[in-house]
Amino acid sequence: MSQLLRFDELSLSQEVQQAVTDMGFETASPIQSEAIPFILEGRDVIGQAQTGTGKTAAFGIPMIESTVPFEKYVQGLILCPTRELAVQVTEEIKKLSKYKKGVFVTTVYGGDSIERQIKSLKSGANIVVGTPGRVIDLIERRALKLENVKMAVLDEADEMLDMGFREDIESILQETNENRQTIFFSATMSKPIMALTTRYQNNPKLVKVVKNEITNANIEQLYFDVKGRAKMEVMTRLIDFYGLKLMLVFCNQKKKVDEVVEELQLRGYAAEGLHGDLRQQQRNNVMSKFRSGVVTILVATDVAARGLDVDNVDAVFNYDIPLDEEYYVHRIGRTGRAGKSGKAFTLVVGAERNRLREIMNYTKVKIDKGVIPTFSDVVGVKKGMFIERIQNAIEGGDLELFGDVLENLHHAGFSTEQIVSALVKMNMGITKNEFADENLDGEIERQQRRNEGGGRFDRNSRDSGRRGEGRFDRNNRDSGRRGEGRFENRRSDERGPRTDKAGKPYRKDPNMVRMFVNIGFNEKISPANIVGAFAGESGIPGNALGQIDIFDKYSFVDVPKEYATTVLDKMEGASIKGKRVNVEVAKPAN
Ligand code: AMP
């Protein structure tokens with residue numbers, strides 16, 4: 001991993017140092033470690049970094065530090081391609097300058113009241129974040145004066161050029177003080193960018209982070225496109241659905257580690273956190289609980305997890321997408337060790353898909369999009385496990401010790417059926433919450449937003465730009481079927497969830513071929529194992545499968561007609577849970 005600096009090694013003011021601590025940042029990210037010292041020195045810098053690497057603080061911190069407090073003219077200018085990014089950058093700078101009295105930041109972008117923006121400029125903003133079109137408008141109205149700008153930042157410069165802002169950018173830069181410091185941040189270093197830097201920068205220092213590791217082939221890597229506030233729900237569904245036993249969950253900030261631990265504990269998981277604030281003794285304590293399995297989920301920051309060496313971690317979650325590609329490699333390398341297989345699940349919210357693409361480019365591994373298990377999927381799996389536990393308890397004997405409990409409850413007027421159902425409910429620990437299945441998927445949300453009408457962005461909507469939504473999905477294995485697939489999944493729920501023998505009776509679906517598999521509860525099989533094997537072997541999307549019925553010695557699986565031949569072909573000689581299985585079309589009586 002590249003040399004990371006602690007923030008206290010960066011010669012920052014007390015105020016910024018405190019803000020960074022409050023934000024839960026543990027160390028400077030690679031791009032921050034590289035860029036901040038040069039920018040603080042006053043050098044022009046070209047930073048090659050994407051959103052999600054910590055680039056905002058990389059230029060935001062030095063800009064705050066160089067702002068003369070209470071001087072009510074614009075000293076720092078940040079240009080962003082979209083309104084969305086401008087707002088995000090402003091929020092980050094506000095947090096970073098929370099303790100810096102006299103530093104005022106404001107945002108200006110198209111599509112919102114220009115009068116309000118003029119007012120906020122007049123009230124003495126000394127850092128302005130804006131989209132080029134609106135900045136030009138404000139200059140023309142003489143509401144924005146840039147002659148005293150000491151530092152100008154072009155954020156996502158490549159994106160701005162792609163969106164046709166070149167002329168605007170040039171006229172804006174010409175308005176600023178010619179002695180200014182000029183910082184470019186860009187994900188790519190194209191020719192037009194280089195031309196712009198030659199023209200407007202003075203002997204710039206190029207900073208980017210050098211990478212040199214690759215990922216392990218034993219690890220199944222999936223990403224899940226989720227709505228931000230549904231992250232916890234999605235993660236716990238995945239934990240339950242896959243029956244995961246020992247997990248590492250990575251967050252970018254200490255604060256987040258604490259939040260995630262608390263939420264997991266509230267949901268009944270044995271989770272503990274590991275971050276730099278823990279004393280060695282506490283850290284040892286947490287680690288030994290994790291090694292012995294008393295704690296099953298360890299939530300950590302990248303720094304805290306350094307040197308962590310546990311062999312049987314069966315999944316790594318990137319609760320937050322890592323700030324650097326190399327972190328990704330380090331994180332997921334914690335599973336799939338010692339010849340075992342492991343899972344690496346990455347939760348991706350909105351534009352973080354761009355970061356994911358960077359990670360894929362870097363690792364040269366395609367990360368497939370995973371399907372978020374439905375509520376019924378999770379219930380199905382839990383039922384299967386529960387039935388197994390009951391069988392074991394019955395076989396374990398000594399049941400007569402508890403016979404009077406049933407008798408007492410009968411006396412109280414409850415039927416055996418009611419008592420058993422209540423026990424099942426209590427034991428399975430499943431409760432419905434506000435997260436309906438359709439409330440988890442970030443893609444559905446974006447689709448809805450798009451349907452509600454565009455025009456959110458200054459000039460050119462980012463949705464229709466180079467980073468359009470569809471781009472990544474087109475590369476996806478089950479692309480083109482995504483939208484359909486989700487609803488198919490829901491239809492399949494209405495038809496009856498993937499279920500076990502305690503589930504609904506089977507109803508034939510004319511679009512499905514019923515398949516027989518010679519493996520069942522006796523081999524401790526769960527619907528997740530079947531979905532995993534079928535989807536994994538034949539490459540069909542897991543959510544395309546319909547009802548699954550598991551019996552003691554065999555199971556039935558509904559496979560869409562169009563995939564039937566592929567599945568039969570690919571499942572020949574395949575194994576599920578280590579057992580060679582035979583898959584064939586079920587006899588019509590089923
Ligand atoms: P950015 O690349 O600026 O969009 O940042 C991505 C996310 O990482 C934001 O939520 C930041 O608050 C967060 N972040 C920035 N720097 C750090 C850091 N050194 N440690 C942890 N999180 C950070």
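Whatever order the structure lists ligands and atoms in, that order sets their numbers, starting from 1.
Given atom 10 (O) of ligand 1, the protein heavy atom at minimum distance is Gln253 NE2, 4.3 Å. Nearest protein neighbour of atom 16 (N) of ligand 1, counting heavy atoms only, is Gln32 NE2, 2.7 Å. Gly52 CA, 3.6 Å is the protein heavy atom nearest to atom 6 (C) of ligand 1. Closest to atom 14 (N) of ligand 1 among all protein heavy atoms lies Phe25 CZ, 3.4 Å. Looking from atom 21 (C) of ligand 1 to the surrounding protein, the closest heavy atom is Asn252 O, 3.2 Å.
By the criterion of a heavy-atom distance under 4.0 Å, neither the backbone nor the side chain of Phe59 is placed next to ligand 1.
Taking the centre of each ring, Tyr242 and Phe345 come in below the 6.0 Å mark.
Considering every non-hydrogen atom in both Leu244 and Ala315, the closest pair reads CD1-CB, 3.7 Å. In terms of heavy-atom proximity, Asn354 sits nearest to Arg357 at OD1-NH2, 3.0 Å.
Which of Leu323, Thr53, Val89 comes nearest to atom 7 (C) of ligand 1 through a heavy atom is settled by distance: it is Leu323. Of the candidates Glu352, Lys55, Glu92, Glu26, Glu92 brings a heavy atom nearest to atom 9 (C) of ligand 1. Within the set Gly60, Gly54, Gly24, the minimum heavy-atom distance to atom 5 (O) of ligand 1 is found for Gly54.
Shown in contact with Ser29 at under 4.0 Å from a heavy atom are these atoms of ligand 1, numbered in order with element: 19 (N). Below 4.0 Å from some heavy atom of Phe7 lie the following atoms of ligand 1, by number and element: 19 (N).
When side chains are defined from C-beta on, Arg267 counts as touching Met232, because their heavy atoms get closer than 4.5 Å.
Residues Tyr319 and Glu259 have side chains that never bring a donor and an acceptor to within less than 3.5 angstrom of each other. For the residue pair Asp158/Thr188, the side-chain donor-acceptor check at 3.5 Å is satisfied.
Lys145 forms no cation-pi arrangement with Tyr73, by the criterion of a distance under 6.0 Å to the ring centre and an angle within 45° of the ring axis.
Crowding of Gln14 atom CD: a count of heavy atoms from other residues, nucleotides or ligands under 6.0 Å not exceeding 12.
The only member of Leu298, Ile297, Asp314 that meets side chain to side chain contact (heavy atoms under 4.5 Å, CB included) when paired with Leu248 is Leu298.
At a 3.5 angstrom cut-off on N or O pairs, Thr27 counts as close to ligand 1. Close N/O approach between Thr56 and ligand 1 is found [any backbone or side-chain N/O within under 3.5 Å].
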